Number of protein chains: 2
Amino acid sequence: MVQTYSISELSEQFDITARTIRFYEDQGLISPRREGTRRIYEERDRVRMKLILRAKRLGFTLSEIRETLDLYDSASGGELAQGKFVLEVINHHRAILMQQQNDILDVLQDMKNVEQRILNRMKSPEQKAQ
Amino acid sequence: MVQTYSISELSEQFDITARTIRFYEDQGLISPRREGTRRIYEERDRVRMKLILRAKRLGFTLSEIRETLDLYDSASGGELAQGKFVLEVINHHRAILMQQQNDILDVLQDMKNVEQRILNRMKSPEQKAQ
DNA sequence: CATGACGTTTACGTAAACGTCAACATGCCT
DNA sequence: AGGCATGTTGACGTTTACGTAAACGTCATG
């Protein structure tokens, strides 16, 4: 017997509203099984949701996410026709992510600098930076 | 003689529209000097713009960016009153950024897997995954 | 059986981040 | 003086990602 979830259970797990989940479905990001009119989410839906939210945190738009998930699905579904294209998309995304890694490192460094200036000033309040 | 830039020069440098730059000004993100009505951007504006765009790429909203820049300004301006608060904000942001680093690593790994599956299939097209 | 708790669809509202005119000023070139 | 590039300020339009409310179905429970 496989674990399934209602929409409210899922929304609780991921700390999003049910409205959001239904919206994602409207946008073609997930398509849970139905039992009558009720939505039933299985493990694969949960995994997909996890991917969606992760991509969102990284700033991808919902339609970008949908396209990418569809693409990966087709690739893992055996549609090797588009193999080369998928590889290109992957490399494109990889480039974006690596740019973000750099951005993060830069910002972390900036924050470190600001932090140090504050800490210094808190130790010796009189000191004015040259 | 210090380097300055017109709005179109700046927009070209950062590959954004002049409209975007004016909008950021409306939102209090940058405040260039004026010469008559014309906007004149100096090096410090350029640096600020760089910070803005970097933060944007990381998914921060414009108002978050404005608040943060203001905060950092006040901190570097000597308003040590808020020192502790600034440190808290910095730690908060640091947590977000580190979460993003994890997300990126996860996605990169996922992409690697998809890529491998495609490459394998391209080498031996007949093979079906068990 | 009525009263929640939970679910559904449909539809309008909204905040963020610009795009897209319009209508006008200003400087420079010929 | 005329023309063109470049600039300015509104003001309205658009897309994305949901929020919010209305109006209704379904099921368990007192």
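Fair warning: this is a prediction, and the values are worked out from it, not measured in the lab. Throughout, a chain's letter reflects where its sequence line sits, starting with A, and its residues are numbered from 1.
Side-chain heavy atoms closer than 4.5 Å link hydrophobic residues (I, L, V, M, F, W, Y) into clusters, and following such links, even through other members, never connects A:I104 to B:L105. In the hydrophobic clustering of ILVMFWY residues, with side-chain heavy atoms under 4.5 Å counting as a link, A:L97 and B:M98 come out apart.
Of the candidate nucleotides D:dG7, C:dT8, D:dC18, C:dT8 has the atom lying nearest to any side-chain atom of A:R34. Out of D:dG7, D:dG19, C:dC18, the shortest distance to the side chain of A:R19 is found at D:dG19.
One can place CZ of A:F23 at 10 Å from P of D:dG19, the figure rounded to the nearest angstrom. Regarding A:L10, its CG atom lies at a distance of 11 Å from the P atom of C:dG7, rounded to whole Å. Rounded to an integer number of Å, the gap from B:I40 CD1 to D:dT6 C1' is 12 Å. For B:Y5 and D:dT6, the OH to C1' distance is 19 Å, given to the nearest whole Å. Rounded to a whole Å, the OH atom of A:Y41 is 13 Å from the C1' atom of C:dC6. Distance CZ (B:R22) to P (C:dA16): 22 Å, rounded to an integer number of Å. Here C:dC6 presents its P atom at 18 Å from CD of A:E35, a figure rounded to the nearest Å. Here D:dT8 presents its P atom at 13 Å from CZ of B:R33, a figure rounded to the nearest Å.
A close approach under 4.0 Å does not occur between any side-chain nitrogen or oxygen of A:S6 and OP1 or OP2 of C:dC6. When the side-chain nitrogen and oxygen atoms of A:Y24 are compared with OP1 and OP2 of D:dA17, none of them lie within a distance under 4.0 Å. Side-chain N/O atoms of A:T20 include one lying less than 4.0 angstrom from OP1 or OP2 on D:dG19. Of the side-chain N and O atoms in A:T17, none sit less than 4.0 angstrom from OP1 or OP2 of D:dC18.
Within the model, atoms CD1 of B:I16 and CD1 of B:I52 stand 8.0 Å from one another, a figure rounded to the nearest 0.5 Å.
Nearest heavy atom pair, residue A:S11 against residue A:A18, reads CB-N, 3.8 Å.
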I'd like a table of donor-acceptor pairs (distance under 3.5 Å, sequence neighbours excluded) in which one partner is a side-chain atom from residues 39-49 of chain B, with atom names and distances.
from, atom 1, to, atom 2, distance (Å)
B:R39, NE, B:E25, OE1, 2.6
B:E42, OE2, B:R33, NH1, 2.7
B:E43, OE1, B:Y5, OH, 3.4
B:E43, OE1, B:R46, NE, 3.4
B:E43, OE2, B:R46, NE, 3.2
B:D45, OD2, B:E42, N, 2.8
B:R46, NH1, B:Q13, OE1, 2.5
B:R48, NE, B:L29, O, 2.7
B:R48, NH1, B:D73, OD2, 2.9

Atom pairs, protein N/O to nucleotides 24-26 of chain C N/O, distance under 3.5 Å:
from, atom 1, to, atom 2, distance (Å)
C:dT26, O2, B:R38, NH2, 3.4

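Scanning for side chain to side chain donor-acceptor pair (under 3.5 Å) contacts around A:Q99 gives A:D103, with sequence neighbours left out. With sequence neighbours excluded, the residues satisfying side chain to side chain contact (heavy atoms under 4.5 Å, CB included) with A:N91 are A:R94, B:E115. Residues meeting the side chain to side chain contact (heavy atoms under 4.5 Å, CB included) test with B:V89, sequence neighbours left out: B:L71, B:F85, B:H93.
With hydrogens and angles ignored, no donor-acceptor pair under 3.5 angstrom links the side chain of B:R39 to the base of D:dT8.
A distance-only check finds a donor-acceptor pair linking the side chain of B:E9 to the backbone of B:S6 [under 3.5 Å]. No donor-acceptor distance shorter than 3.5 angstrom exists from the side chain of B:E67 to the backbone of B:E64, with no hydrogens or angles considered.
In the region residues 50-67 of chain B, proximity to DNA chain D at under 4.0 angstrom, judged on heavy atoms, holds for none of the residues.
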